S.K.: 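One structure coming up, written as structure tokens, with questions to follow.
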Amino acid sequence: MELKRLEKEQENLKNRVKIIPFKKKVNLAGGCDVSYNKDRGTGVFVVIDRNFNVLEEKYFSAKVDFPYIPGFLSYREIKFLIGAYNKLKLKPDIIFVDGNGILHPRKMGIASHLGILLKKATIGCAKNLLLGKFRKIKFKRGSKSAIKVNSEILGYALVTRNNIKPVFVSPGNLIDFESAIKYTLLFSKFRIPEPVRIAHIKGKRYVGEK
DNA sequence: GCGACAG
DNA sequence: ATCTTGTCGC
């Protein structure tokens, strides 16, 4: 099937992912999300500062041309994200993506894919677990638990708010686990990191042109 | 074979 | 993801 080809493409792409120490100072954080309406999708990109002020927001709408298939989310959504990103004037130092980074069957979740195409540091923050196992944790902001896939750590379950279930964080590209966790907490006020949460809200409210 | 399965 | 009001709990 066609998915076999895409699987190989992911296998190749993953060789370009770099899980390396993140040194840059983060003044601007980007967040993105895709919302749907019938057969159309809209990508939203927002840029916020460390005080959660929204400095810029851009949209990109187009027809949906790929179904949702677990493990292949980027083939459905990445064009919307790229489209919105290219309209930004401000370029974020780090980007939060709704979905996984290397916590993926082929270590090529949408956050990693986007990070490679944009050559930017990206962090994947999923609301639900795609794969792997982790030990139970206290629902106390800051507590975390490694998510293992075949005994290899690919991400962390991270509690960003007291008494609220964790989000599943994994490096996308050009960043390490520690920094991914650190910045996710730094930019989280509620369960979902603000950049992504805001992008999500903007998307639902957005009524753009075709 | 059966069940799980980001958005 | 999306369709959708009230409602339970911190």
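None of these values were measured; they are calculated from a predicted model. Chain letters run A, B, ... following the sequence lines, proteins first and then strands; every chain starts at 1.
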S.K.: For the side chain of A/Pro70, counting heavy atoms from C-beta on, which of B/dG7, B/dC5, C/dT2 is nearest?
M.R.: B/dC5

S.K.: How close or far is atom C1' of C/dA1 from atom CD1 of A/Ile110, stated in whole angstroms?
M.R.: 12 Å

S.K.: Using 30° and 60° as the class limits, which term best fits the ring planes of A/Tyr206 and A/Tyr59: parallel, tilted or perpendicular?
M.R.: parallel

S.K.: Mind calculating the distance between NE2 (A/His113) and P (B/dG7) to the nearest angstrom?
M.R.: 18 Å

S.K.: Just the rounded figure in Å: distance from P of B/dA6 to CD1 of A/Ile192.
M.R.: 14 Å

S.K.: Give me the atom names and distance for the closest heavy-atom approach of A/Arg191 to A/Ile164.
M.R.: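 A/Arg191 and A/Ile164 have their closest heavy atoms at CD-CG2, 3.6 Å.
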
S.K.: A/Gly124 near the nucleic acid: base, sugar-phosphate alone, or nothing, with a heavy-atom cut-off under 4.0 Å?
M.R.: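 No contact.
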
S.K.: Please check the phosphate of B/dG7 (OP1 and OP2 only) for any side-chain N or O of A/Asn128 closer than 4.0 Å.
M.R.: yes

S.K.: I need the CD1-P distance between A/Ile201 and C/dA1, as an integer number of Å.
M.R.: 12 Å

S.K.: Quick check: does any side chain N or O of A/Asp176 sit under 3.5 Å from a backbone N or O of A/Phe22, one acting as donor and the other as acceptor?
M.R.: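 Confirmed, A/Asp176 side chain pairs with A/Phe22 backbone.
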
S.K.: CG of A/Leu130 versus P of B/dA6: gap in Å, rounded?
M.R.: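 Distance, rounded to whole Å: 6 Å.
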
S.K.: Using a 4.0 Å heavy-atom cut-off across all strands, classify A/Tyr75 as base, sugar-phosphate, or nothing.
M.R.: nothing

S.K.: Reckon A/His200 touches a base, only the sugar-phosphate, or nothing at all at heavy-atom distances under 4.0 Å?
M.R.: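 It contacts sugar-phosphate atoms only.
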
S.K.: Closer than 4.0 Å, any side-chain N/O of A/Lys38 to the OP1 or OP2 of C/dT2?
M.R.: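 For A/Lys38, the contact criterion (side-chain N or O under 4.0 Å from OP1 or OP2 of C/dT2) is not met.
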
S.K.: Need one value for A/Asn100: base, sugar-phosphate or nothing, where a base atom within 4.0 Å counts as base even if backbone is also close, heavy atoms only.
M.R.: base

S.K.: Under 4.0 angstrom, heavy atoms only, what part of the nucleic acid is A/Tyr68 near: base, sugar-phosphate, or nothing?
M.R.: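 Since a base atom lies under 4.0 Å of A/Tyr68, the category is base.
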
S.K.: Whole Å only: how far is the CG atom of A/Asn162 from the P atom of C/dG9?
M.R.: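 That distance rounds to 19 Å.
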
S.K.: Can you tell me the distance, in whole Å, between the CG atom of A/Asp33 and the P atom of B/dG7?
M.R.: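 It is 9 Å, rounded to the nearest whole Å.
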
S.K.: Provide, to the nearest angstrom, the distance between the CG atom belonging to A/Asp98 and the P atom belonging to C/dT2.
M.R.: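 Spelled out: CG on A/Asp98 to P on C/dT2 is 10 Å.
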
S.K.: Hydrogens and angles aside, do A/Tyr36 and A/Glu77 bring a side-chain donor and acceptor to less than 3.5 Å of each other?
M.R.: yes

S.K.: Do A/Lys202's NZ or CZ and the ring of A/Phe45 fall within the cation-pi criteria of under 6.0 Å and 45°?
M.R.: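 Checked: cation-pi criterion not met.
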
